[in-house]
Amino acid sequence: MSDMPDYYYIYEAFSEGNLRPLYDHVFPSLLRYARKLTGEQLSYLAKDCVQDAIFQCYMHRRGYASPAHLRNALFVGIRNRVIDLMRKAEYDQDYMENVMLGDSEEEDVSLAIIYQDALDVIYGAVDRLPQEYRELFRMSFEQGLKNTEIARLLSVSEVTVIKRKARLIERLRRMLGKDIDCYLIFFLLAA
């Protein structure tokens with residue numbers, strides 16, 4: 001019997017919204033990959049990077065054409081999240097210097113205005129959500145609580161939190177229309 005996970009089964013289950021096979025069979029290898037990328041100093045962030053990548057893939061779970069496509073998306077998502085965290089943690093000095101020494105103040109102000117306008121639209125939509133989703137939004141995106149912390153506070157499983165987040169983002173996407181993509185929402189909220 002092989003130790004290799006049955007990626008087709010995992011892919012099929014994931015496509016149907018069942019995360020258990022992914023967590024049971026693939027999560028450990030994803031976590032190892034994330035820890036390798038974060039290095040020792042940031043290894044405590046590896047699990048968050050994996051969770052974020054899984055959540056992003058879950059949001060688009062029916063769009064993956066094959067198990068290989070899903071796996072690739074998970075690994076790329078982890079890599080991108082690690083890069084984002086390293087930038088935020090000021091481990092990429094070149095990046096930080098470029099941000100601090102921007103080409104012009106006018107561009108910085110224009111981007112800040114665009115950013116704020118988009119946030120206003122998103123928060124306006126959040127205000128129209130049912131209380132359960134507003135609370136989840138507050139805990140996750142404003143307070144920055146991890147899925148495990150939210151699960152503990154709400155007395156639900158971590159998978160339930162992940163599914164509720166997916167429904168929250170889907171509701172926001174429906175409310176905001178096709179003009180605002182899920183990636184834009186996460187980009188703005190993560191900044």
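Side-chain contact check for Leu70 versus Arg61: every heavy-atom pair is 4.5 Å or farther apart. Side-chain atoms of Glu12 and Pro21, non-hydrogen and from C-beta on, never get closer than 4.5 Å to each other. In this structure, Leu22 and Leu74 have side chains that are in contact, with non-hydrogen atoms separated by less than 4.5 Å. Between Ile54 and Tyr23, the closest side-chain pair of non-hydrogen atoms falls below 4.5 Å. A heavy-atom distance below 4.5 Å is not found between the side chains of Ile10 and Asp24. Looking only at side-chain heavy atoms (C-beta outward), Lys47 and Phe27 come within less than 4.5 Å of each other. Between Phe14 and Asn18, every side-chain heavy-atom pair lies at or beyond the 4.5 Å cut-off. The shortest side-chain heavy-atom distance between Arg20 and Val159 falls under the 4.5 Å cut-off.
Test Val82, Ile78, Val76 against Asn80 for side-chain contact (heavy atoms from CB on, under 4.5 Å) and you get one pass: Val76.
Remark: Arg167 fails to qualify as a cation-pi partner of Tyr133 under the 6.0 Å distance and 45° angle criteria applied to the six-membered ring.
Considering every non-hydrogen atom in both Val50 and Ala34, the closest pair reads CG2-CB, 3.7 Å. When all heavy atoms of Ile150 and Lys165 are compared, the pair lying nearest together is CD1-CE, 4.3 Å.
Hydrophobic clustering places Phe55 together with Leu145 (ILVMFWY residues linked when any side-chain heavy atoms are closer than 4.5 Å, directly or through intermediates). A single hydrophobic cluster is not seen to contain both Leu85 and Ile83; linkage of ILVMFWY side chains at heavy-atom distances under 4.5 Å, directly or through other members, places them apart. When hydrophobic clusters are built by joining Ile, Leu, Val, Met, Phe, Trp and Tyr residues whose side-chain heavy atoms come closer than 4.5 Å, directly or via intermediates, Leu30 is grouped together with Tyr58. Linking ILVMFWY side-chain heavy atoms closer than 4.5 Å, directly or via other members, places Met59 and Val126 in a single hydrophobic cluster.
Formation of a donor-acceptor pair under 3.5 Å by the Ser140 side chain with backbone atoms of Phe137 is not found in this model. Side chain of Tyr11 to backbone of Tyr64: a donor-acceptor contact under 3.5 angstrom is found. With Glu149 contributing its side chain and Lys146 its backbone, the two residues share a donor-acceptor pair below 3.5 Å. Side chain of Arg35 to main chain of Ala46: no donor-acceptor pair is present (N/O by atom type, distance under 3.5 Å, no hydrogens or angles). Using modelled atom types, no side-chain atom of Thr160 and backbone atom of Val156 make a donor-acceptor pair closer than 3.5 Å.
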Check your understanding: Could you walk me through whether Leu129 and Leu172 pass the side-chain contact (heavy atoms from CB on, under 4.5 Å) check?
Key -> CA-CA 8 Å; Leu129 290 171; Leu172 284 174; 4.0 Å; yes
Review point. Are Arg164 and Glu132 close enough, and set up right, to give a salt bridge (charged side-chain N to carboxylate O under 4.0 Å, His left out), and what steps lead you there?
Key: CA-CA 9 Å; Arg164 286 181 184 174; Glu132 170 188 357; 3.5 Å; yes
